[in-house]
Amino acid sequence: MTIELLNSGEAARRLGVSAATLYAYVSRGLLRSEAVDGSRERRYRADDVVRLKRRRDVGRKAEAIANHALDFGTPVLESALTLIEDGRLHYRGVDAALLARTASLEDVARLLWNCDDRPFAADNLPPLTTALRRAWIAAAALSPPDRCLVLLPAAAALDHPSWVEDRSAMLETGVRVLRLLTAAVTARPPSPLPIHEQLAVAWRVPADRVPVLRAVLVLLADHEFNASAFAARVVASTGANLYGAIMAGLAALNGPRHGGATRRVAAMFDDLKGTTDLDADLGRMLRARVYIPGFGHPLYPDGDVRAVTLMAMLRETMPTSPELAFAERLAAAVERLIDRKPNVDFANVAIERALGLPKDSALALFLLGRTVGWIAHALEQAAHGALIRPRARYTGPRPGA
């Protein structure tokens, strides 16, 4: 059977969208594109276009809304935390790209949690119980995310104030959790120092490069209802404490389609670092239908503002870095081939390589920054006081069939 293939102009015309939206559909996995030998032009299967158009044109009846309520891009819950609009990211109305230039992660926590300095008192540290010390020893050889998943339940078991539903107590618990995870990542005792300073000491980052660490933490603090934030909110809605909500968020972040994508980007950096012809090697990957991670984002069709900000700060801080030069050559080659710009996963790995950070540091930065957002979502959901419980649309056999 002959498969009808469309060029980008015809595919966009049939869908009634712009070229940028067409590429966003591809990056979201809603539409497949195929390489054409000897050309930068991509082709799109006509049957895929028909299916996507039918899906977009679905009626707005109650059943149709229920069927698609959890699809990417459909609003599910109200939130006053993060706005992504017109290619910009805002925390409670403040431009996150501007915050990245000056603010610390603790500043962003105060903004998103809507609190003052009191929860961040120097003596508000996770209690180093016997159970936690044993867990610390057992988790020493694990990666930072796995160390966190081991230490969280050990710390929660005897942190009795974490079950108090008073907002002030929850805020103090949030700070203890954040400081515990920082200690897990740095393999150092819990500290009240700003998180970027703790990371800089543990990873031996020169003082002039520390602002880049601070910036990536700020820009990863929250991103609306992503998978890990939604997981944290669902658990928080049951009345579980912040430790439980953060464990849910961390488990979701670790997946390769979310924060774990940084590992896929890092592997790509390793595979392509020694190549003499990036375009040729990337072209072979595309022809073999190998997914190129770290590029495109459905919420930023014109380019991920977080990646733009971080790559600019890297250029300002380390203009002669060979690791940065390679990252920029790779980004340019991918954009030539598939017309997608780097996203924050790519920029995060570029920072890991340019600053010479330990393996998996990009994911560690992601989880520390995003912990602030998970806590903000848990606090907001606790204030709503409602259980998140969607209904299923049953598709199995009927009784007696």
Side-chain angles (χ1 to χ4, degrees), residues 23 26-29 31-43 141-146 185 203 205 209 212-213 216 220 253-298 300 303-304 306-308 310-315 318-367:
Y23 302 143
V26 174
S27 68
R28 288 163 57 182
L31 191 64
R32 289 175 290 182
S33 69
E34 300 183 5
V36 178
D37 288 340
S39 171
R40 290 179 52 196
E41 177 69 13
R42 309 285 291 178
R43 291 291 186 266
L142 300 177
S143 67
D146 291 333
V185 166
W203 293 341
V205 177
R209 301 174 185 179
V212 178
L213 279 183
V216 71
L220 289 171
L253 184 81
N254 218 5
R257 296 193 188 101
H258 193 6
T262 55
R263 288 175 171 145
R264 299 166 75 180
V265 175
M268 179 179 67
F269 271 53
D270 291 337
D271 291 343
L272 296 175
K273 186 65 188 295
T275 185
T276 57
D277 191 337
L278 276 173
D279 290 85
D281 285 348
L282 288 167
R284 280 191 286 271
M285 290 171 63
L286 289 170
R287 286 191 292 276
R289 298 182 180 276
V290 175
Y291 171 68
I292 298 179
F295 290 85
H297 196 291
Y300 304 102
D304 188 336
R306 299 167 298 173
V308 171
L310 293 172
M311 295 300 286
M313 292 186 71
L314 267 182
R315 283 191 292 272
M318 307 176 63
T320 61
S321 164
E323 295 286 352
L324 173 60
F326 169 74
E328 294 197 306
R329 288 198 307 274
L330 176 56
V334 172
E335 188 171 358
R336 283 194 301 271
L337 287 168
I338 62 173
D339 198 23
R340 293 185 206 165
K341 299 178 186 297
N343 61 30
V344 75
D345 298 323
F346 183 92
N348 198 1
V349 173
I351 288 170
E352 176 187 292
R353 298 308 171 91
L355 269 59
L357 305 181
K359 181 182 179 181
D360 262 350
S361 297
L363 184 52
L365 287 166
F366 206 150
L367 79 87

Can you list the steps and then say if Leu330 with Met268 is a side-chain contact (heavy atoms from CB on, under 4.5 Å)?
CA-CA 10 Å; Leu330 176 56; Met268 179 179 67; 3.9 Å; yes
What is the minimum heavy-atom distance between Asn343 and Gly296, and which atoms define it?
ND2-O, 3.1 Å
Apply side-chain contact (heavy atoms from CB on, under 4.5 Å) to Val334 and Arg329, showing your working.
CA-CA 9 Å; Val334 172; Arg329 288 198 307 274; over 6 Å; no
Whether the side chain of Asp277 engages the backbone of Ala280 through a donor-acceptor N/O pair (distance < 3.5 Å, no angle test) should be reported.
yes
Does the side chain of Leu272 come within less than 4.5 Å of Phe326's, by heavy atoms?
yes
Non-hydrogen side-chain atoms of Leu367 and Leu220 separated by less than 4.5 Å
no
Heavy-atom distance under 4.5 Å between the side chains of Leu253 and Phe366, does that happen here?
yes
Scan side-chain atoms only and decide if Asn348 and Thr262 contain a donor-acceptor pair under the 3.5 Å cut-off.
no
Lys273 bridged to Glu323 by N-O distance under 4.0 Å:
yes
Check Ala364 against Val185 and note the closest heavy-atom contact, atom names and distance.
CB-CG1, 3.8 Å
How long is the span from the CZ atom in Arg209 to the OG atom in Ser321, to the nearest 0.5 Å?
7.5 Å
Derivation and outcome, side-chain contact (heavy atoms from CB on, under 4.5 Å), residues Phe346 and Asp304:
CA-CA 10 Å; Phe346 183 92; Asp304 188 336; over 6 Å; no
Is any side-chain heavy atom of Leu282 closer than 4.5 Å to a side-chain heavy atom of Arg336?
no
Lys NZ or Arg CZ of Lys341 over Phe295 ring: under 6.0 Å, within 45°
no
If you define the side chain from C-beta out and look only at heavy atoms, does anything of Pro256 sit under 4.5 Å from Arg264?
yes
Heavy atoms, side chains only, cut-off 4.5 Å: are Arg263 and Ser143 in contact?
yes
Which heavy atom in Ala331 sits nearest to a heavy atom in Pro342, and how many Å separate them?
CB-CG, 3.6 Å
Counting distance only, does the side-chain N/O of Arg42 pair as donor-acceptor with the main-chain N or O of Ser33 below 3.5 Å?
yes
Considering only heavy atoms from C-beta outward, does the side chain of Leu314 approach that of Leu355 to under 4.5 Å?
yes
For Arg284 and Asp279, indicate whether the former's side chain and the latter's backbone hold a donor-acceptor pair under 3.5 Å.
no
Could you give me the CA-CA distance, side-chain angles and deciding distance for Leu337 and Ile292, then say whether side-chain contact (heavy atoms from CB on, under 4.5 Å) is met?
CA-CA 11 Å; Leu337 287 168; Ile292 298 179; 5.8 Å; no
Should the pair Arg315-Glu328 be classified as a salt bridge under the 4.0 Å nitrogen-to-oxygen rule?
yes
Measuring from Ile351:CD1 to Leu357:CG, what's the distance to the nearest 0.5 Å?
8.5 Å
Kindly indicate whether the side chain of Asp345, heavy atoms from C-beta on, has any atom under 4.5 Å from the side chain of Val349.
no
Between Glu34 and Arg43, is there a donor-acceptor pair closer than 3.5 Å when you use the side chain of the first and the backbone of the second?
no
Can you name the ring pair (Phe, Tyr, Trp, His ring centres under 6.0 Å) partners of Tyr300, sequence neighbours left out?
His223, His297
Closest heavy-atom pair, Leu363 versus Gly260, reported as atoms and distance to 0.1 Å, is CD1-N, 4.1 Å
Between the side chains of Asp270 and Lys359, is the shortest nitrogen-to-carboxylate-oxygen separation below 4.0 Å, so that they form an ion pair?
no
